[in-house]
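Quick notes on the structure that follows.
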Amino acid sequence: SPSLDDTFCTLMQLFCLTHLYQNRDYICINRYIESCGIIGDTMLIGYARTSTVDQAAGFEAQIVELEAYGCERTYQEQVSAVASRHELETAIDMLRKGDKLVVTKLDRLARNVMHMGELLHQIEAKGAGLVILSLGSETVDTSTATGKLILNMMVSVSQFEREMMKERQVEGIKRAKAEGKYKGRVPTAMRQADKVKALVEAGVARVLVMEQLGISKASYYRCLQNAA
């Protein structure tokens with residue numbers, strides 16, 4: 001039978017975990033469990049992301065897929081690919097040995113190949129795995145040798161395709177320049193040259209024109225010069 005000391009320690013652990021749960025401090029709960037050597041069942045942790053709040057349908061579809069796969073907890077956020085992802089960081093912090101982070105597609109997780117490598121390193125350092133529900137036509141689980149191989153191959157192919165596209169773009173620009181057809185991207189403010197001219201001709205003051213169109217003083221004069 002358990003000793004009085006063992007019973008007391010168990011009660012203290014339950015008290016601490018209850019307090020952390022009431023405060024929704026899931027990261028501290030996870031770290032406390034690890035420090036106490038309490039081993040529970042492995043968990044599937046989902047992560048869903050969309051770039052803007054306008055993509056509500058796609059966002060809901062991700063949640064449905066993750067729940068159908070069996071994710072017990074899902075972290076979700078609506079941020080661009082290049083912005084900081086606090087919910088993703090939290091999801092990775094929550095991973096324990098044997099757990100798996102689950103995403104519907106690769107582009108919901110990583111912004112590029114280098115970022116994918118960094119995230120995978122963080123996940124594997126915690127003894128966890130990554131599951132991508134739709135990578136091509138496959139569901140990939142990096143906790144298996146085959147899954148890790150497929151992910152590496154698909155990421156490499158994707159990177160190769162992007163590099164080829166960049167090369168073709170550079171070659172196209174060089175060819176257009178040689179033929180005198182390439183003038184580069186038109187500055188955003190210069191696209192409003194006609195509007196600037198129309199407002200000035202209508203007698204609108206410079207300051208009001210700048211405020212209405214959201215352009216700087218320098219852009220204002222460049223637009224006038226271009227419209228002349």
Side-chain angles (χ1 to χ4, degrees), residues 24-31 33-34 40-169:
R24 300 294 190 268
D25 198 341
Y26 298 119
I27 294 177
C28 285
I29 290 173
N30 192 44
R31 291 172 180 169
I33 288 173
E34 290 178 343
D41 295 332
T42 57
M43 182 182 292
L44 297 176
I45 297 177
Y47 174 71
R49 181 189 69 83
T50 57
S51 298
T52 68
V53 293
D54 296 326
Q55 297 175 324
F59 196 70
E60 291 171 4
Q62 291 180 61
I63 302 297
V64 170
E65 282 190 63
L66 294 171
E67 290 179 350
Y69 189 75
C71 292
E72 301 166 60
R73 183 177 300 152
T74 298
Y75 294 87
Q76 48 190 281
E77 56 192 343
Q78 294 176 312
V79 295
S80 68
V82 297
S84 298
R85 305 185 195 179
H86 301 296
E87 291 300 305
L88 175 58
E89 293 173 4
T90 301
I92 293 176
D93 280 338
M94 280 298 298
L95 292 171
R96 293 176 295 164
K97 186 174 182 180
D99 289 347
K100 293 178 182 179
L101 180 67
V102 186
V103 296
T104 56
K105 294 182 179 180
L106 184 60
D107 62 359
R108 300 300 88 196
L109 179 67
R111 61 177 64 98
N112 53 43
V113 175
M114 183 178 295
H115 188 220
M116 179 69 253
E118 293 171 355
L119 292 175
L120 190 58
H121 177 74
Q122 292 179 42
I123 293 168
E124 291 180 338
K126 298 177 75 70
L130 170 66
V131 176
I132 303 170
L133 298 182
S134 179
L135 186 62
S137 59
E138 302 288 334
T139 294
V140 174
D141 184 345
T142 64
S143 63
T144 67
T146 302
K148 194 168 184 179
L149 176 62
I150 291 174
L151 176 61
N152 288 334
M153 289 176 62
M154 294 293 287
V155 168
S156 296
V157 169
S158 178
Q159 176 68 8
F160 174 74
E161 289 178 346
R162 278 192 289 270
E163 293 299 326
M164 290 298 292
M165 287 177 64
K166 288 180 182 178
E167 285 187 14
R168 286 194 292 269
Q169 183 181 20

message = Once salt bridge (Lys or Arg N to Asp or Glu O under 4.0 Å) is applied, what residue pairs with a partner in residues 144-153 remain, sequence neighbours excluded?
response = Glu124-Lys148

task = Decide yes or no for Gln122 and Leu130: does some side-chain heavy atom of the first lie under 4.5 Å from some side-chain heavy atom of the second?
result = no

ask   = Could you give the distance from CD (Glu87) to CG (Asp93), rounded to the nearest 0.5 Å?
value = 11.0 Å

query = What pairs with Lys100 under side-chain contact (heavy atoms from CB on, under 4.5 Å), at least two apart in sequence or on another chain?
reply = Leu44, Val131, Asp141, Ser143

query = After noting the C-alpha distance and the side-chain angles of Gln62 and Arg108, does the key distance pass the side chain to side chain contact (heavy atoms under 4.5 Å, CB included) rule?
reply = CA-CA 9 Å; Gln62 291 180 61; Arg108 300 300 88 196; 3.5 Å; yes

request  = With rounding to the nearest 0.5 Å, note down the distance linking OG1 in Thr74 to CG in Leu66.
outcome  = 5.0 Å

key: Test side-chain hydrogen bond (donor to acceptor under 3.5 Å, both in side chains) applied to Glu77 - qualifying residues, sequence neighbours left out   = Tyr47

query = Below 4.5 Å, heavy atoms only, C-beta onward: do Arg73 and Met94 meet side chain to side chain?
reply = yes

inquiry  = Taking the side chain as everything from C-beta on, heavy atoms only, tell me whether Leu88 gets closer than 4.5 Å to Leu101.
reply    = yes

ask   = Just how far is it from atom SG of Cys71 to atom CG of Leu133, taken to the nearest 0.5 Å?
value = 7.0 Å

request  = Report the residues that fulfil side-chain contact (heavy atoms from CB on, under 4.5 Å) with Gln76, sequence neighbours left out, ordered by chain and then residue number.
outcome  = Ala48, Phe59, Ile63

task = Start with the C-alpha gap between Val79 and Arg49, add the side-chain angles, then the distance that decides, and say whether side chain to side chain contact (heavy atoms under 4.5 Å, CB included) holds.
result = CA-CA 7 Å; Val79 295; Arg49 181 189 69 83; 4.0 Å; yes

inquiry  = How long is the straight-line distance from CD1 of Ile123 back to CD1 of Ile92, given to the nearest 0.5 Å?
reply    = 5.0 Å

query = If you look at every heavy atom in Ala128 and Arg96, which pair is closest and at what distance?
reply = CB-O, 3.8 Å

From CA spacing to verdict: side chain to side chain contact (heavy atoms under 4.5 Å, CB included), Ile132, Leu109 = CA-CA 9 Å; Ile132 303 170; Leu109 179 67; 5.6 Å; no

Listed partners of Glu118 passing salt bridge (Lys or Arg N to Asp or Glu O under 4.0 Å), at least two apart = none

note = Shortest non-hydrogen pair, Arg85 vs Ala110, comes out as NH1-N, 4.1 Å

